[in-house]
Asker: 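Quick one: structure below, then a few questions.
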Amino acid sequence: MANVITSVNELDFGLKDLESMPAPGKVLLVKPTFFSVEYVINPHMEGHVGNVDKLQAQNEWEHLKSAYEELGLYVHVEEGRRGFPDMVFCANQSLPNITKEGTKQVVMSVMNADERKGEVPFIQKVYEDSSYDIVHLDGSRFHSFEGMGDAIWHFKRRLLWGGYGFRTSKDVYEIISETFDTPVIALELTNPKFYHLDTCFCVLDEHSALIYPEAFTDEGLELIHSIFTNVIEASKYEAEKLFACNATCPDGKNVFIQQGCVDVNHKLKDAGFKVHEFSTYEFLKSGGSVFCMKMLLW
Ligand code: ARG
């Protein structure tokens, strides 16, 4: 049965009532060989068409790749494809799951922008080769769904956080909740600069999240605060210009984040996290940073 929660009075569980889930041990990266800004589908891309330094982008990506390896994650590298300059943002084409029984499943995205629709079959192939059950959503029931850009797993708990409003339709979460037998807390996004949930919301560990509060409604903020006891807030500058909330914390301890987020980094360190800074300036031109340049999977 679907369980999609949109306000605190619908919350009928606490964290300890939720089943546990293993943390993903693999990371998928797509080589930035064909990465560039060729069209404008989010406000950050404006003024950057044709403006990517390819060599610099390659260097930035290589640093991130090495860091995942050093953290002990298994890194799967997929080739980029000509004609798909945004494919490097491989958080967007899918949403993987591991069931209670250990079966690996993946829901494939229905991209909002026509320019990105052709990326999905290439990513699907990766899952086919890793023995995932592939799920295609009934596209007549919603408009679009952009994978882990908008649907984010809680840390080690069977709970999904689902952003909607710009790239993903609210309706899709009924289907996803049913398909994965998982409650979904749906959060409306209100600011086009924060067009994916992963631009304004980062799960750090079971009790901690990093957010940009101005990207949410009051209902959304209440929901976030009712589950997380430790909510770290990013300033407008660090959230909007440096994509502070597009950080990732794969193990609940080490946070990978765009460099220069001075205020957020202080708060993260005070809360006991280890901060690793990366330059993703070339990817910021396209409206993405650390979180959306990878997919965590089992
Ligand atoms: N240019 C890409 C787009 O607009 C960037 C995607 C970044 N991904 C993310 N999850 N924030 O689709």
Side-chain angles (χ1 to χ4, degrees), residues 27-30 32 34-52 54 57 60-61 64 80-81 83-96 107-120 122-123 143-153 160-169 172 187 189 191-203 210-212 215-216 234 238-250 256-258 261 278 280-297:
V27 60
L28 164 69
L29 301 176
V30 172
F34 299 103
F35 168 62
S36 65
V37 178
E38 292 179 10
Y39 43 75
V40 176
I41 54 170
N42 71 58
H44 306 273
M45 298 170 97
E46 270 161 37
H48 289 304
V49 171
N51 196 14
V52 167
K54 298 248 181 183
E60 292 179 350
W61 182 89
L64 264 173
R81 296 296 196 291
F84 296 105
D86 273 334
M87 194 171 150
V88 68
F89 299 110
C90 57
N92 302 158
Q93 305 86 349
S94 65
L95 173 65
V107 162
M108 298 314 297
S109 298
V110 175
M111 303 303 284
N112 183 70
D114 287 343
E115 291 90 335
R116 297 199 61 186
K117 289 188 193 287
E119 299 169 19
V120 179
F122 295 120
I123 299 294
H143 181 264
S144 55
F145 170 62
E146 292 204 348
M148 213 179 265
D150 273 317
I152 299 177
W153 283 108
L160 272 170
W161 294 88
Y164 68 90
F166 295 104
R167 299 296 189 85
T168 292
S169 324
V172 81
L187 302 172
L189 302 177
N191 180 335
K193 290 202 170 126
F194 300 91
Y195 59 95
H196 272 147
L197 183 61
D198 72 9
T199 62
C200 48
F201 174 88
C202 172
V203 175
L210 164 61
I211 67 164
Y212 178 57
F216 295 99
E238 292 185 6
E240 200 177 298
K241 300 287 180 240
L242 300 176
F243 269 57
C245 303
N246 201 250
T248 188
C249 186
F256 290 7
I257 191 167
Q258 160 63 33
C261 299
F278 294 88
T280 62
Y281 287 106
E282 295 310 309
F283 301 93
L284 291 176
K285 294 173 182 172
S286 189
S289 183
V290 180
F291 184 92
C292 49
M293 291 168 67
K294 59 101 184 66
M295 174 56 81
L296 289 171
L297 59 161

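What's counted below: heavy atoms across the whole structure, side chains too, no hydrogens, waters or symmetry copies. Order of listing sets the numbers, starting from 1, for every ligand and every atom in it.
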Asker: I want to know whether Phe256 and Phe278 have ring centres closer than 6.0 Å.
Answerer: yes

Asker: Distances for all N or O pairs of ligand 1 and the protein under 3.5 Å?
Answerer:
from: ligand 1; atom 1: 1 (N); to: Asp86; atom 2: OD1; distance (Å): 3.0
from: ligand 1; atom 1: 1 (N); to: Asp86; atom 2: OD2; distance (Å): 3.1
from: ligand 1; atom 1: 1 (N); to: Ser286; atom 2: O; distance (Å): 2.8
from: ligand 1; atom 1: 1 (N); to: Ser286; atom 2: OG; distance (Å): 2.9
from: ligand 1; atom 1: 4 (O); to: Asn42; atom 2: ND2; distance (Å): 2.8
from: ligand 1; atom 1: 4 (O); to: Arg167; atom 2: NH2; distance (Å): 2.7
from: ligand 1; atom 1: 8 (N); to: Asn92; atom 2: OD1; distance (Å): 3.2
from: ligand 1; atom 1: 10 (N); to: Asn92; atom 2: ND2; distance (Å): 2.9
from: ligand 1; atom 1: 10 (N); to: His196; atom 2: ND1; distance (Å): 2.9
from: ligand 1; atom 1: 10 (N); to: Asp198; atom 2: OD1; distance (Å): 3.1
from: ligand 1; atom 1: 10 (N); to: Asp198; atom 2: OD2; distance (Å): 2.6
from: ligand 1; atom 1: 11 (N); to: His196; atom 2: ND1; distance (Å): 3.1
from: ligand 1; atom 1: 11 (N); to: Asp198; atom 2: OD1; distance (Å): 2.9
from: ligand 1; atom 1: 12 (O); to: Arg116; atom 2: NH1; distance (Å): 2.7
from: ligand 1; atom 1: 12 (O); to: Arg167; atom 2: NH1; distance (Å): 3.0
from: ligand 1; atom 1: 12 (O); to: Arg167; atom 2: NH2; distance (Å): 3.4

Asker: State, to 0.1 Å, how close Ser94 and Ser109 come at their nearest heavy-atom pair, and which atoms those are.
Answerer: N-OG, 3.1 Å

Asker: Please identify each residue that fulfils ring-ring contact (aromatic ring centres under 6.0 Å, His included) with Phe35, with sequence neighbours left out.
Answerer: Phe89, Phe283

Asker: Taking salt bridge (charged side-chain N to carboxylate O under 4.0 Å, His left out) as the test, write out the residues that go with Glu240, two or more places apart.
Answerer: Lys193, Lys236

Asker: Please list, chain by chain and in numerical order, all residues satisfying salt bridge (charged side-chain N to carboxylate O under 4.0 Å, His left out) with Glu60, sequence neighbours excluded.
Answerer: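 In terms of salt bridge (charged side-chain N to carboxylate O under 4.0 Å, His left out), with neighbours along the sequence ignored, Glu60 is linked to no residue.
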
Asker: For Lys285, is there an ion pair with Glu282 - N to carboxylate O distance below 4.0 angstrom?
Answerer: yes

